[in-house]
Amino acid sequence: MSDADRTRDLAARVAAACAARAPLLLRGGGSKMFHGRDIAGTPLDMSDHRGILHYEPAELVLTARAGTPLREIEAALAAHGQMLGFEPPCFGGPATLGGAIASGLAGPRRPYAGAPRDFVLGVRIVNGRGEVLRFGGEVIKNVAGFDVSRLMAGALGTLGVLLDVSLRVVPRPQTEVTLRRDCTVAEANTILAELGRQPSPISASCHDGAVLTLRLSGGPAAVAATRRALGGTPVADGASFWNALRDHALPFFLQAGTLWRLSLPPRAAALDLPGQWLIEWGGALRWLDSAAEGATIRAAAAAAGGHATLFRGGDRGGEVFHPLAPAVLTLHQRLKQAFDPAGILNPGRMYAEL
Amino acid sequence: MRTHPSECVVHDIDRDRLIRELGAVLPAHAILFEPEDTRPYECDGLSAYRRLPWLVVLPDSVAQVCEVMRICAAHGVPLVPRGAGTGLSGGALPLENGVLLSLARLNRILAIDPLARTARVEPGVRNLAISEAAAAHGLYYAPDPSSQIACSIGGNVAENAGGVHCLKYGLTVHNVLKLTVLTIDGTVIEIGGDGFDAPGYDLLALTTGSEGLLGVVIEVTVRLLPLPETARLLLASFASITDAAAAVGAVIAAGIIPAGLEMMDRLAIRAAEDFVHAGYPLDCAAILLCELDGARADVDEQFARLTEIFRAERATELRIARDDAERLRFWQGRKSAFPAVGRLAPDYYCMDGTIPRHRLGHVLDRIAALSDEYGLPVANVFHAGDGNLHPLILYDANKPGELARTEEFGARILEYSVEVGGTITGEHGVGVEKIDQMCAQFTPEELAQFHAVKAAFDPRGLLNPGKAVPTLPRCAEFGAVHVHRGQVPHGASAHPGIERF
């Protein structure tokens with residue numbers, strides 16, 4: 001498929017949907033259609049609005065249309081020794097830039113590098129009235145106006161249709177090694193806490209109940225020093241492991257029945273819930289394969305200071321994301337109204353009320 | 001100071017009655033209304049704009065803040081939140097008929113968790129006080145705006161403050177984990193969380209940098225970082241600004257992200273050297289100050305590459321800070337650049353545009369041409385790594401017409417920054433200062449979207465009206481043309497003793 005600017009057509013379709021109050025279902029590559037609540041609507045296909053618009057390696061900035069495949073962007077960056085810092089998951093599908101930002105999902109590097117919102121510098125969107133608007137820009141420092149660009153990250157397309165996104169990109173680490181050692185969750189926590197106390201090159205962690213896998217990224221000297229201190233066995237093809245973790249291609253995910261995503265304070269104690277666990281992000285992201293009641297899981301996550309998402313399986317028409325406090329939900333409804341007064345952009349994808 | 005009629009919040013409550021009502025919830029010393037008491041609050045760090053506050057309140061507990069907001073909201077009285085008052089865009093400029101809500105007395109550090117590496121603090125805590133308290137645990141708070149010795153964390157959140165280290169460590173928005181915010185309808189909401197994300201929209205990002213228009217921050221949880229093992233500074237001189245700009249690009253393209261990367265031009269170098277004797281070379285057109293930090297072995301390795309890059313990029317001289325004393329002295333010159341330049345002329349006006357870095361050469365040529373056109377000298381200091389420019393226009397407010405020429409000159413620099421794909425403000429905020437230039441950067445539809453966001457939080461527009469986002473009538477009237485602003489001189493600061501970057 002060749003690069004094309006579909007701005008006018010997309011804006012016209014949103015304007016028409018607004019006039020008809022007819023819901024639209026935004027779709028990029030379709031790799032994350034499982035994410036969020038099941039909703040109906042006329043598909044708004046973004047995948048032919050594509051192409052890298054501007055990439056300046058020495059500026060660490062890339063701007064591309066939302067339908068551009070992540071693979072294309074990652075290849076362009078790799079050619080200059082750069083990458084997307086948030087390691088966006090593709091889940092084995094033809095994921096696009098727009099979906100990566102709208103989902104707000106980040107891979108194993110998240111705690112050490114940042115989430116999609118941390119890298120967004122600017123966006124061009126179509127709001128729910130069909131107006132084409134630009135916020136932010138291509139510069140790292142920009143405080144003119146409210147930060148609508150970052151608000152779009154993780155909004156699941158419910159506030160605007162992403163047209164173009166400008167991102168800060170980062171240099172690839174000079175060295176990257178993956179280490180593995182057998183240990184309990186408690187031992188893993190001790191190791192991770194110790195690593196966090198000093199500047200350390202850790203860039204990913206995963207504990208599956210029996211084995212801790214760690215990735216170190218950075219300058220050769222610091223990586224070598226930390227590696228010596230940690231011990232463990234080097235993993236030959238570390239990149240494949242982390243990609244499989246990011247894309248949920250590990251056996252844990254493939255075999256999961258109902259998959260919950262618990263986002264917790266990193267040092268929260270182990271939760272007393274039935275099921276299988278896989279722990280990432282130094283303890284802050286805990287995947288749970290469990291048939292337990294949603295209310296039980298949510299209550300446990302909330303008691304630990306975090307939140308729980310029904311990530312895959314279960315009742316996709318019910319509540320998928322963690323319920324918001326009433327005052328916060330009201331604010332969300334008013335924001336939705338501010339961007340999409342007719343309620344046509346992915347209505348209900350995040351919460352039934354939005 | 002021009003306030004557009006469309007920005008005025010009209011109410012009819014008598015001040016004495018409001019004082020009586022506030023007196024029921026605040027001690028008498030926390031309510032100021034006599035001119036001699038309110039005078040210190042007439043401006044923030046941008047003292048060009050001054051207005052005597054109608055009423056100042058200084059609550060010292062969250063409960064008191066809630067009560068003040070409840071009473072003001074009940075009467076439709078507008079509020080201006082204020083932190084330490086070090087802002088450089090007039091964001092805390094008081095109102096003629098509103099309450100200035102100082103949060104300076106909410107200055108307790110509530111908790112530092114060395115294992116989670118977080119600090120939970122009240123909004124009036126000074127930026128530097130967080131790092132000082134965290135130092136006992138080998139930790140620090142990374143964003144370091146120039147005024148960090150005095151500015152408050154609440155103000156940092158309101159402005160999304162940056163600083164020298166933000167190229168590597170991010171802005172305030174990247175370093176805040178959780179906020180407790182009081183909305184104008186009296187609701188306390190928690191935004192963000194103790195994990196790495198929170199359900200729903202990213203209100204943390206939206207609130208950060210909202211210049212006090214969406215809510216009042218009453219508690220902040222920030223992320224702390226381990227103190228780096230070592231820091232090394234290299235000072236490189238160049239025969240032209242273009243060479244220096246190319247060297248900056250080469251460093252970044254080589255995959256090195258310095259902890260700080262600052263540029264000064266000839267006039268700024270000379271002023272700084274005369275002022276603090278930092279040991280800068282005087283026979284060059286520009287210098288770069290480049291600091292690397294991290295693990296010693298990596299810093300040493302990168303430092304060697306950095307030296308090679310600067311040589312290849314035609315640096316005329318390289319000076320490596322031999323020890324921490326020399327490193328700090330080199331920084332001292334940069335940090336003193338504003339007051340140093342201030343000695344060259346009776347007044348100076350500091351701009352804050354950001355541009356894509358590869359346009360630096362064009363923009364500097366343009367600034368030089370405008371400098372000739374207006375007959376006003378300009379000294380340039382930049383956060384070179386991220387393209388944030390601080391041109392300092394030198395002028396004399398006592399010369400008839402010179403202030404107006406300065407303001408027009410400044411407006412043209414900002415508009416040119418937008419033209420080349422940049423922004424009118426990188427880190428100082430819009431406030432009242434750059435509100436007209438917002439009309440140049442955004443379309444009416446975009447501004448209307450901002451107002452819709454504002455209305456979602458504050459439908460009656462009681463929080464900090466007339467700041468940050470211009471009304472459409474203002475843009476229709478002022479925005480399309482260059483206008484001369486108020487008649488008060490720029491440059492003199494409410495915090496003259498503070499180092500400015």
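Proteins come first, then strands; the chains are lettered A, B, ... in the order of their sequence lines, and each starts at number 1.
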Does this structure show an ion pair linking A/R109 with A/E87, if we count only N-O contacts that are shorter than 4.0 Å? yes
Measuring heavy-atom distances to chain A, does B/V173 have an atom under 4.5 Å in its side chain, in its backbone, in both, or in neither? both
At a 4.5 Å cut-off on heavy atoms, which part of A/R197 comes close to chain B: side chain, backbone, both, or neither? both
Should A/M83 and A/V169 be marked as a side-chain contact (heavy atoms from CB on, under 4.5 Å) after you check the CA-CA gap, both sets of side-chain angles, and the distance that decides it? CA-CA 6 Å; A/M83 63 179 192; A/V169 300; over 6 Å; no
Pair A/F321-A/H35, ring-ring contact (aromatic ring centres under 6.0 Å, His included): steps then yes or no: CA-CA 10 Å; A/F321 294 101; A/H35 187 47; 5.5 Å; yes
From the list B/G294, B/G387, B/A198, B/G422, the residue making the most non-hydrogen contacts under 4.5 Å with chain A is B/A198
B/R357 versus chain A, the contacting section by heavy-atom distance below 4.5 Å: both
Which region of B/L213, side chain (C-beta onward) or backbone (N, CA, C, O), has a non-hydrogen atom less than 4.5 Å from a non-hydrogen atom of chain A, or is it both or neither? side chain
If you count heavy-atom pairs within less than 4.5 Å of chain A, which of B/I257, B/V299, B/L139 leads? B/I257
Ordered numerically, the heavy-atom neighbours of chain A under 4.5 Å found in residues 446-455 of chain B are B/E446, B/Q449, B/F450, B/A452, B/V453, B/K454
Given that the side chain runs from C-beta out, which part of B/E190 has a heavy atom under 4.5 Å from chain A: side chain, backbone, both or neither? backbone
B/A295, part contacting chain A, at a heavy-atom distance under 4.5 Å: side chain
Do the side chains of B/H390 and B/H383 get nearer than 4.5 Å, heavy atoms only? yes
Measure A/H322 against the heavy atoms of chain B and call it side chain, backbone, both or neither at under 4.5 Å. both
Spatial distance of atom CG (A/L324) from atom CD (A/E319) [nearest 0.5 Å]: 9.0 Å
Okay, A/A115 and chain B: the region with an atom under 4.5 Å from a heavy atom over there is neither
Portion of A/A222 that has a non-hydrogen atom of chain B nearer than 4.5 angstrom: both
Distance check, rounded to the nearest 0.5 Å: A/E138 atom CD versus A/Y55 atom OH? 13.0 Å
Proximity breakdown for B/D197 and chain A, heavy-atom pairs closer than 4.5 Å: both
Is chain B contacted by the side chain of A/P173, its backbone, both, or neither, given a heavy-atom distance below 4.5 Å? neither
So for atom CZ, which belongs to A/R134, do other residues, nucleotides or ligands contribute more than 12 heavy atoms lying within a distance under 6.0 Å? no
Apply the ring-ring contact (aromatic ring centres under 6.0 Å, His included) test between A/W287 and each candidate in A/W281, A/F311, A/W260; give the one that qualifies. A/F311
Supply the atom-to-atom distance A/I279 CD1 to A/L262 CG, rounded to the nearest 0.5 angstrom. 10.0 Å
Heavy-atom pairs under 4.5 Å with chain A: which of B/L167, B/T208, B/T118, B/T443 has the most? B/L167
Below 4.5 Å from any heavy atom of chain A, which atoms of B/E301 appear? Answer side chain, backbone, both or neither. side chain
Please look at A/E131 and chain B and tell me whether the side chain, the backbone, both or neither of the residue comes under 4.5 angstrom of a heavy atom of that chain. side chain
side-chain contact (heavy atoms from CB on, under 4.5 Å) between A/V61 and A/L121, worked out: CA-CA 9 Å; A/V61 172; A/L121 300 176; 3.8 Å; yes
For each of B/G200, B/G195, B/G209, tally heavy-atom pairs with chain A at distances under 4.5 Å, and name the one with the top tally. B/G200
Scored by heavy-atom pairs under 4.5 Å with chain A, the best of B/V430, B/V469, B/L177, B/L206 is B/L206
Side chain, backbone, both or neither: which part of B/L115 has a non-hydrogen atom closer than 4.5 Å to chain A? both
Can you tell me how far apart CG (A/L354) and CZ (A/R37) are? Round to the nearest 0.5 Å. 9.5 Å
Part of A/Q333 within contact of chain B (heavy atom distance under 4.5 Å): neither
Rounded to the nearest 0.5 Å, how far apart are CD1 of A/I125 and CG of A/L159? 8.0 Å
Taking side chain as everything from C-beta outward and backbone as N, CA, C, O, which of these in A/L156 sits under 4.5 Å from a heavy atom of chain B? Side chain, backbone, both or neither. neither
At a 4.5 Å cut-off on heavy atoms, which part of B/L224 comes close to chain A: side chain, backbone, both, or neither? neither
Modelled atom types, side-chain donor and acceptor of B/D352 and B/T425, under 3.5 Å: yes
Check the side chains of A/Y351 and A/T158 for a donor-acceptor pair under 3.5 angstrom, ignoring hydrogens and angles. no
Residue from A/L345, A/L133, A/L151 passing side-chain contact (heavy atoms from CB on, under 4.5 Å) with A/F339: A/L151
Do any N or O atoms from the side chain of A/H332 and from the backbone of B/Y201 form a donor-acceptor pair under 3.5 angstrom? yes
Pick one of side chain, backbone, both or neither for B/E159, based on which atoms fall under 4.5 Å of a heavy atom in chain A. backbone
Are any of the side-chain nitrogens in A/R150 or B/D202 under 4.0 Å away from the carboxylate oxygens of its partner? no
Anything in residues 180-187 of chain B with a heavy-atom distance to chain A below 4.5 Å? Please list those residues in order. B/D185, B/T187
Which one of B/N160, B/T354, B/T423 satisfies the side-chain hydrogen bond (donor to acceptor under 3.5 Å, both in side chains) criterion with A/N142? B/T423
In Å and rounded to the nearest 0.5 Å, what is the CG to OG distance from A/L195 to A/S200? 4.5 Å
Highest number of heavy-atom pairs under 4.5 Å with chain A: which of B/Q302, B/H137, B/R305, B/E211? B/R305
